[in-house]
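Report on the structure given below.
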Amino acid sequence: MSTASAVDGEPRLYSTLSHRVEPLTTGPDGIVRIYVCGPTVYGPIHVGNARPFVVFSVLKRYLTRRGYAVRFVSNVTDINDKIYVAAQREGVPSAELAARYLNEYVTDTNRLGLGRPDVEPTVTGHMAEIIALIARLIAVELAYPSAGDVYFRVDRFPGYGKLSGRRLDEMLVTEPGGAKEHPLDFALWKGHKPDEDTSWDSPWGPGRPGWHIECSAMAQAALGPSFEIHGGGIDLAFPHHENEIAQSEGANGVPMAGIWAHNEMLELGGKMSKSEGNIVLLRDALDRWGRDVLVAFFLRTHYRSKLPFGDAALEDTGRQVETIRNAARTLDRAESVPGEGINRTLADTLVAARSDFFDALDDDFHTPRAFAALFEVIHAINRAVEGGRPGVAQLQAARAEFVGLLDVLGLADLAAGPPVAPAEIVALAAEREVARVARDFVRADALRAEIESLGYDVRDTPEGPQVTPR
RNA sequence: GGCGACGUGGCGAAGUGGGAACGCUGCGGUCUGCAAAACCGCCAUGAGCCGGUUCGAUUCCGGCCGUCGCCUCCA
């Protein structure tokens, strides 16, 4: 059995850049800075968009619990081709549409109950920084204006392709774009087009930022030129993150991020498809499964594994969540009528499981293994209460440890104590208990059926009937 | 075609050069008026396929097959 305390090791994360699991570093001020690419707000976000939000929100919780100061920044893209298209289709101003879906994004992700990033910058809020960064890149000849646009000069940045493992000379397949020097040069600034209802003044004429420059500018504004973790979906590694590196490192001359952490994709109904039928909106998933099940669903699989989304998997997760809730109910019951002394096995398991839990998260944020440790705790609690019930002090210690681990995963409310059943239900349960004691089982069973029809289960325990939501 | 990730029991999902965690499901049992919860026990002689290294490979190396993402292509 490991006797290591939770803080013996050090957190490590896999970096797409090095292809290795690397020790997490902190900045000079001891802070862990995390930047994660957020959504483009041209519609309600789907469950796939929610994965990085959940993964990195919980990563922050874990690091915070681990004693680190964390600054978590996640942007929202509110200027984009898709936004113009969606706004035209709906016949509303693009800014209005973006503001609306930004608001809905916040509403939807709030329902996950994981808090918010410390900073959530927008493109429209960083126009000056974006323009300054572009000017800097032009000054060092890594960018050039052309026909109202500004492009990044890809072949002048030596490390281009280092993140995604591509070589410039192996990508030379497209025919040169008209205004570009090199076919793979990408736009930093796009001159205004007539069908776009917004534009910003710049030294290169009216227009708007290109696809990638915003993140370089926003990350630098919030976290400085170099920070510890840059995250996002693996589908963003190329070209988005590759271009961010080129822009930021080209302008600043220092590594943009120490660790590039990418979550794998959600698979919707088998093969990933962009057809509407394979998209599940986050709000719909929340309505159907609830935030507890959804958060647990994201966490029970490693963040770098593909995650098929489907009823069977969510139902399975729902049963796991129920097992967790039941352990909390068992503690409730035990604490109401505690025993004496301490259970040695429970005490040992609490120590070992805590260690295993944090060791797992230290090892490339292995949430599935953390869950395994959590279930060790649950098992030990159930066994202890089943056998010689321990004293109240140990029961409370067990609850504190149990809730503490759950809280790291954002699931503490699973053990938030017994939900108060409506008085009507409680009355029915009491009535049933009277019938049951009188051995009038026909009536008792009829009352159980009635209670169940109202959405509650009755569980008879040595401490009397326990009513739980179904 | 290029780059990358990956192929483990009914499902999900880990660790590991030498007895294949954990969860769900299923089966048997205990408890219970019944039920639920919980507890006890059982369920992969084999880890996509084929070679190689090794005393020994699921675990390392090579090849093949397959899945997925990005790029390319196409539009």
Side-chain angles (χ1 to χ4, degrees), chain A residues 14 16-17 19 48 161-175 183-184 233-242 262-268 270-273 296-297 299-334 353 356-357 359-360 363-364 366-387 432 435-449 451-452 456-462 465-468 470:
Chain A
Y14 181 88
T16 307
L17 183 59
H19 294 197
K162 67 181 181 181
L163 178 67
S164 53
R166 291 152 214 267
R167 288 160 48 93
L168 218 38
D169 54 4
E170 287 174 347
M171 292 192 281
L172 288 179
V173 191
T174 48
E175 48 189 271
L184 286 169
I234 188 64
D235 57 333
L236 296 182
F238 188 89
H240 188 58
H241 291 341
E242 194 70 71
H262 291 111
N263 62 273
E264 253 292 354
M265 300 290 95
L266 219 59
E267 294 182 343
L268 304 172
K271 293 178 183 176
M272 185 58 121
S273 165
F297 171 74
L299 265 24
R300 71 181 202 145
T301 299
H302 187 73
Y303 75 98
R304 288 195 292 116
S305 292
K306 286 179 276 289
L307 214 196
F309 186 92
D311 288 2
L314 271 298
E315 285 164 6
D316 188 276
T317 308
R319 286 186 289 264
Q320 278 184 275
V321 164
E322 196 55 25
T323 299
I324 297 170
R325 283 205 186 92
N326 283 334
R329 290 169 184 144
T330 296
L331 278 175
D332 294 337
R333 193 158 56 76
D356 290 346
F357 184 90
D359 284 350
D363 183 13
D364 195 22
H366 261 291
T367 52
R369 277 167 51 201
F371 264 106
L374 186 65
F375 277 99
E376 293 297 329
V377 171
I378 288 170
H379 193 232
I381 288 172
N382 286 333
R383 288 188 64 174
V385 174
E386 185 87 8
R432 172 179 169 278
R436 207 170 75 86
V437 169
R439 305 197 71 78
D440 181 358
F441 297 124
V442 172
R443 177 158 172 72
D445 290 346
L447 284 162
R448 177 202 294 287
I451 292 167
E452 288 179 350
Y456 287 81
D457 278 330
V458 183
R459 295 175 185 168
D460 294 322
T461 77
Q466 189 175 56
V467 182
T468 61
R470 302 199 87 179

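Below, chain A is the first sequence line, B the second, and so on; all start at residue 1.
Using a 4.0 Å heavy-atom criterion, one finds that Ser164(A) contacts the sugar-phosphate atoms exclusively. Using a 4.0 Å heavy-atom criterion, one finds that Phe441(A) contacts the bases of the nucleic acid, with or without backbone contacts as well. Within the nucleic acid shown, Asp457(A) has no heavy atom closer than 4.0 Å to any nucleic acid atom. Within the nucleic acid shown, Gln466(A) has no heavy atom closer than 4.0 Å to any nucleic acid atom. When heavy atoms are screened at a 4.0 angstrom cut-off, Arg300(A) is found touching the sugar-phosphate backbone but no base atom. Looking at heavy-atom distances under 4.0 Å, Arg319(A) makes contact with sugar-phosphate atoms alone, never a base. When heavy atoms are screened at a 4.0 angstrom cut-off, Val385(A) is found touching no nucleic acid atom at all.
Atoms CG (Leu307(A)) and C1' (G69(B)) sit 14 Å apart, rounded to a whole Å. In this structure, CZ of Arg369(A) is placed 15 Å from C1' of A20(B), rounded to the nearest angstrom. In this structure, Lys162(A) places its NZ atom 18 Å from C1' of G4(B), rounding to the nearest Å. Taking atom CG of residue Leu184(A) and atom P of nucleotide G2(B), one finds them 18 Å apart after rounding to whole Å. Counting to the nearest Å, the P atom of A5(B) and the CG atom of Leu163(A) are 12 Å from each other. One atom, CD of Glu386(A), and another, C1' of C40(B), lie 9 Å apart when rounded to the nearest Å. When rounded to the nearest whole Å, the span between CZ of Arg325(A) and P of A37(B) equals 14 Å. Between the P atom of G23(B) and the CG atom of Leu299(A) lies a distance of 17 Å, rounded to the nearest Å.
Pairing for C22(B) goes to G12(B), judged as Watson-Crick or G-U wobble with the two contacts each under 3.5 Å. Base pairing analysis places C68(B) opposite G4(B); the two distances defining the Watson-Crick or G-U wobble pair are each below 3.5 Å. If you check U53(B) for Watson-Crick or wobble pairing at under 3.5 angstrom, you find it has no partner at all. In this structure, G41(B) forms a base pair with C27(B), meeting either the Watson-Crick or the G-U wobble geometry with both donor-acceptor distances under 3.5 Å.
Checked against C24(B), G4(B), G33(B), the side chain of Asp316(A) finds its nearest nucleotide in C24(B). Comparing atom distances between the Glu267(A) side chain and each of G23(B), G15(B), C68(B) picks out C68(B) as nearest. Considering only side-chain atoms of His19(A), the nucleotide from C22(B), A35(B), A5(B) that sits closest is A5(B). Distances from the side chain of Phe238(A) to the nucleotides C6(B), C71(B), G23(B) place C71(B) closest. Of the candidate nucleotides C22(B), A37(B), C39(B), C39(B) has the atom nearest to the side chain of Arg383(A). Closest to the side chain of Asn326(A), from the set G69(B), A38(B), C39(B), is A38(B). Relative to the side chain of Thr301(A), the nucleotides A35(B), A13(B), G23(B) differ in distance, and A13(B) lies closest. Minimum atom distance to the side chain of His302(A) is reached by A14(B), of the listed C39(B), C70(B), A14(B). Distances were taken from every side-chain heavy atom of Asp460(A) (C-beta onward) to each of C70(B), G33(B), G15(B); the shortest belongs to G33(B). Comparing A36(B), A14(B), C70(B) against the side chain of Asp235(A) picks out C70(B) as the nearest.
Comparing the C1' positions of A47(B) and G12(B) gives an interatomic distance of 16 Å, to the nearest angstrom. Here, A20(B) and U59(B) have their C1' atoms 11 Å apart, quoted to the whole Å. Between G9(B) and G15(B), the distance separating the two C1' atoms is 16 Å to the nearest Å. With C1' as the reference atom, G51(B) and A57(B) are 13 Å apart, rounded to whole Å. U25(B) and C31(B) have their C1' atoms separated by 22 Å, with the value rounded to a whole Å. Look at the P atom in both A21(B) and G10(B): the space between them is 16 Å, to the nearest Å.
Contact between the side-chain N/O atoms of Tyr456(A) and the OP1/OP2 oxygens of A36(B) is not found at any separation under 4.0 Å. Dashed line: the shortest gap from a side-chain N or O of Thr323(A) to OP1 or OP2 of C24(B) is under 4.0 Å.
With hydrogens and angles left out, the side chain of Arg432(A) and the base of G33(B) share a donor-acceptor pair within 3.5 Å.
Heavy-atom distances to RNA chain B give each of Ala327(A) and Arg448(A) a nearest nucleotide, and the one nearer the 5′ end belongs to Arg448(A). Mapping Ala237(A) and His379(A) onto RNA chain B via the closest heavy atom, the residue that lands nearer the 5' end is His379(A).
Using a distance-only test at 3.5 Å, with no hydrogens or angles considered, no donor-acceptor pair links the side chain of Glu376(A) to the main chain of Ala353(A). A donor-acceptor pair is defined here as one N or O able to donate and one able to accept, closer than 3.5 Å; such a pair exists between the side chain of Asp364(A) and the backbone of Tyr14(A). Side-chain atoms of Arg459(A) never come within 3.5 Å of backbone atoms of Thr468(A) as a donor-acceptor pair (strictly under, hydrogens ignored).
Once rounded to the nearest 0.5 Å, the distance linking NZ of Lys306(A) with CD1 of Ile234(A) reads 10.0 Å. In this structure, the separation between CD1 on Ile381(A) and OG1 on Thr330(A) is 8.5 Å, given to the nearest 0.5 Å. Here Arg383(A) contributes atom CZ and Ile378(A) contributes atom CD1; the two are 14.5 Å apart, rounded to the nearest 0.5 Å.
Every residue meeting the side chain to side chain contact (heavy atoms under 4.5 Å, CB included) condition with Ala296(A), not counting sequence neighbours, appears here in chain and number order: Thr317(A), Val321(A), Phe371(A), Leu411(A).
Gln466(A) and Thr461(A) are not linked by any side-chain donor-acceptor pair at a separation below 3.5 angstrom, with hydrogens and angles left out of the test.
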